[in-house]
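See structure below.
Numbers for residues simply follow the sequence, beginning at 1. Computed from a predicted model, the values in this text were never measured in an experiment.
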Amino acid sequence: MRNDPTPDEKLIREIEQFLYREARLLDERQFREWLELFTDDIRYWMGSRTNRYPKHSKAIAILDPERYVEEDITGDEELAILDEDKATLTSRVDRLDTGMAWAEDPPSRTRHMIANIEVEPGDGEDELKVYSNFIVYRSRAAREEDFYVGARRDVLRRVEGAWKIASRRLILDQNVLSAKNISIFF
């Protein structure tokens with residue numbers, strides 16, 4: 001994989017099917033099976049976009065030019081919405097099974113749309129970098145509805161013949177979220 005700069009169509013289709021299966025598992029609330037799609041060393045990280053003014057902006061004047069930031073995506077050194085590992089993801093799923101997760105009683109209904117999938121060689125021989133966009137629709141009870149839109153950067157690793165997610169970096173396009181359910185539905 002690493003030597004070939006362009007993955008073949010068969011591999012791309014295999015990765016697409018993997019991501020579509022993951023979406024279906026989430027939509028069908030098969031969270032235990034979903035957890036099996038991750039490596040033991042997974043880092044599952046979610047940030048957001050922020051409203052930052054570029055250096056050339058005339059809309060705002062900052063006395064200290066060092067405070068201008070061009071990048072509008074949360075950096076690794078900044079506060080994340082989620083920064084999970086396999087243990088904390090498993091704890092979230094365990095909590096859903098207790099019947100004490102009040103934010104999920106009644107349970108949410110979700111629909112995951114995955115699109116614009118790009119596959120390229122990863123840093124390791126058995127790894128791929130996978131880029132995709134997502135829309136997650138969530139509804140709960142009679143009146144709760146949410147849409148989450150963003151981009152994902154995944155590292156997939158082949159483990160014992162199967163693809164697993166070794167790293168996921170999600171960036172939400174919205175920069176204001178309500179205090180509602182930010183959960184494992186990404």
Side-chain angles (χ1 to χ4, degrees), residues 1-50 52 69-96 110-136 148-175 177 182-186:
M1 277 179 278
R2 189 173 189 179
N3 297 334
D4 184 6
T6 308
D8 65 19
E9 290 298 317
K10 183 179 176 191
L11 178 61
I12 292 169
R13 186 73 175 137
E14 183 181 349
I15 298 306
E16 289 173 343
Q17 290 300 302
F18 175 84
L19 295 177
Y20 298 151
R21 179 172 180 263
E22 179 198 10
R24 180 180 55 79
L25 290 173
L26 286 168
D27 292 340
E28 293 177 357
R29 301 182 61 79
Q30 296 180 33
F31 300 126
R32 297 275 172 216
E33 292 84 354
W34 175 71
L35 285 171
E36 292 173 14
L37 299 179
F38 297 105
T39 61
D40 290 338
D41 64 341
I42 178 70
R43 180 165 186 214
Y44 193 97
W45 186 93
M46 180 191 297
S48 65
R49 295 194 178 273
T50 58
R52 299 183 179 174
V69 179
E70 294 287 331
E71 184 65 46
D72 70 339
I73 297 174
T74 305
D76 282 336
E77 71 286 350
E78 296 178 276
L79 184 62
I81 297 168
L82 294 172
D83 194 353
E84 308 284 345
D85 59 19
K86 186 84 174 250
T88 58
L89 289 171
T90 301
S91 293
R92 287 177 179 269
V93 171
D94 290 345
R95 186 167 181 271
L96 289 173
T110 61
R111 190 65 54 208
H112 290 72
M113 308 296 173
I114 310 298
N116 298 57
I117 299 168
E118 294 180 63
V119 179
E120 63 183 46
D123 295 334
E125 189 169 319
D126 288 331
E127 290 185 347
L128 295 172
K129 293 179 185 176
V130 180
Y131 304 90
S132 61
N133 295 331
F134 66 87
I135 298 175
V136 177
Y148 302 102
V149 179
R152 297 191 315 201
R153 297 180 202 163
D154 294 337
V155 173
L156 300 186
R157 184 182 306 142
R158 195 176 288 279
V159 177
E160 298 177 4
W163 289 110
K164 298 214 177 228
I165 303 165
S167 172
R168 172 157 289 163
R169 181 178 171 90
L170 300 118
I171 301 295
L172 287 177
D173 284 336
Q174 30 305 40
N175 58 16
L177 297 173
I182 291 294
S183 188
I184 60 174
F185 301 112
F186 297 95

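- R157 meets the side-chain contact (heavy atoms from CB on, under 4.5 Å) test with T39, D41, E127, V159, A166; sequence neighbours excluded.
- Put simply, the side chain of Y44 does not reach to within 4.5 Å of the side chain of I165, judged on heavy atoms.
- Listed by chain and residue number, nothing satisfies the ring pair (Phe, Tyr, Trp, His ring centres under 6.0 Å) test with F18 (two or more places apart in sequence, or in another chain).
- In this model, a donor atom of one side chain and an acceptor atom of the other lie less than 3.5 Å apart for W34 and E22.
- Atom OG1 in T110 sits 4.0 Å away from atom CG in D27 (nearest 0.5 Å).
- A salt bridge links E14 with R158: the closest approach of a Lys/Arg side-chain nitrogen to an acidic carboxylate oxygen falls below 4.0 angstrom.
- Side-chain atoms of S91 and D94 include no donor-acceptor pair closer than 3.5 Å.
- Between I114 and Y20 the shortest side-chain heavy-atom distance falls below 4.5 Å.
- R24 and Q30 get closest at one heavy-atom pair: NH1-NE2, 4.2 Å.
- D85 places a side-chain N or O within 3.5 Å of a backbone atom of A87 that can act as its donor or acceptor partner.
- In terms of heavy-atom proximity, S48 sits nearest to I81 at CB-CD1, 4.0 Å.
- The one candidate from R168, R43, R92 that meets the salt bridge (charged side-chain N to carboxylate O under 4.0 Å, His left out) condition with E84 is R92.
- The two atoms that bring N133 and A151 nearest to each other are OD1-CB, 3.7 Å, heavy atoms only.
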L37 and W163: CA distance, side-chain angles, deciding distance, side chain to side chain contact (heavy atoms under 4.5 Å, CB included) verdict: CA-CA 7 Å; L37 299 179; W163 289 110; over 6 Å; no

Yes or no on side chain to side chain contact (heavy atoms under 4.5 Å, CB included) for R32 and V93, after CA distance, side-chain angles and deciding distance? CA-CA 7 Å; R32 297 275 172 216; V93 171; 3.6 Å; yes

Evaluation steps, side chain to side chain contact (heavy atoms under 4.5 Å, CB included), between L172 and M46: CA-CA 7 Å; L172 287 177; M46 180 191 297; 3.6 Å; yes

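- Summarising the geometry of L19 relative to R152, their closest heavy-atom pair is CD2-NH2, 3.6 Å, with the distance given to 0.1 Å.
- Distance CH2/W45 to CG/D83: 8.0 Å, rounded to 0.5 Å.
- I42 and S167 make their closest contact through CD1-N, 3.5 Å (heavy atoms, listed as atom of the first residue, atom of the second, distance).
- Between atom CD of residue E16 and atom CG of residue L11 there is a gap of 10.0 Å, rounded to the nearest 0.5 Å.
- Expressed to the nearest 0.5 Å, how far CD of E120 lies from CD1 of I12 amounts to 11.0 Å.
- Within the model, atoms CZ of R29 and CG of L96 stand 6.0 Å from one another, a figure rounded to the nearest 0.5 Å.
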Y131 vs I117, test: side chain to side chain contact (heavy atoms under 4.5 Å, CB included). Steps then yes/no. CA-CA 6 Å; Y131 304 90; I117 299 168; over 6 Å; no

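- A salt bridge links D123 to K129: at least one charged side-chain nitrogen sits closer than 4.0 Å to a carboxylate oxygen.
- In this structure the side chain of L35 reaches within 4.5 angstrom of the side chain of L89, judged on heavy atoms.
- Residues G150 and D173 approach most closely at CA-OD2, 3.9 Å, considering heavy atoms.
- Between F31 atom CZ and T90 atom OG1 the span is 13.0 Å, to the nearest 0.5 Å.
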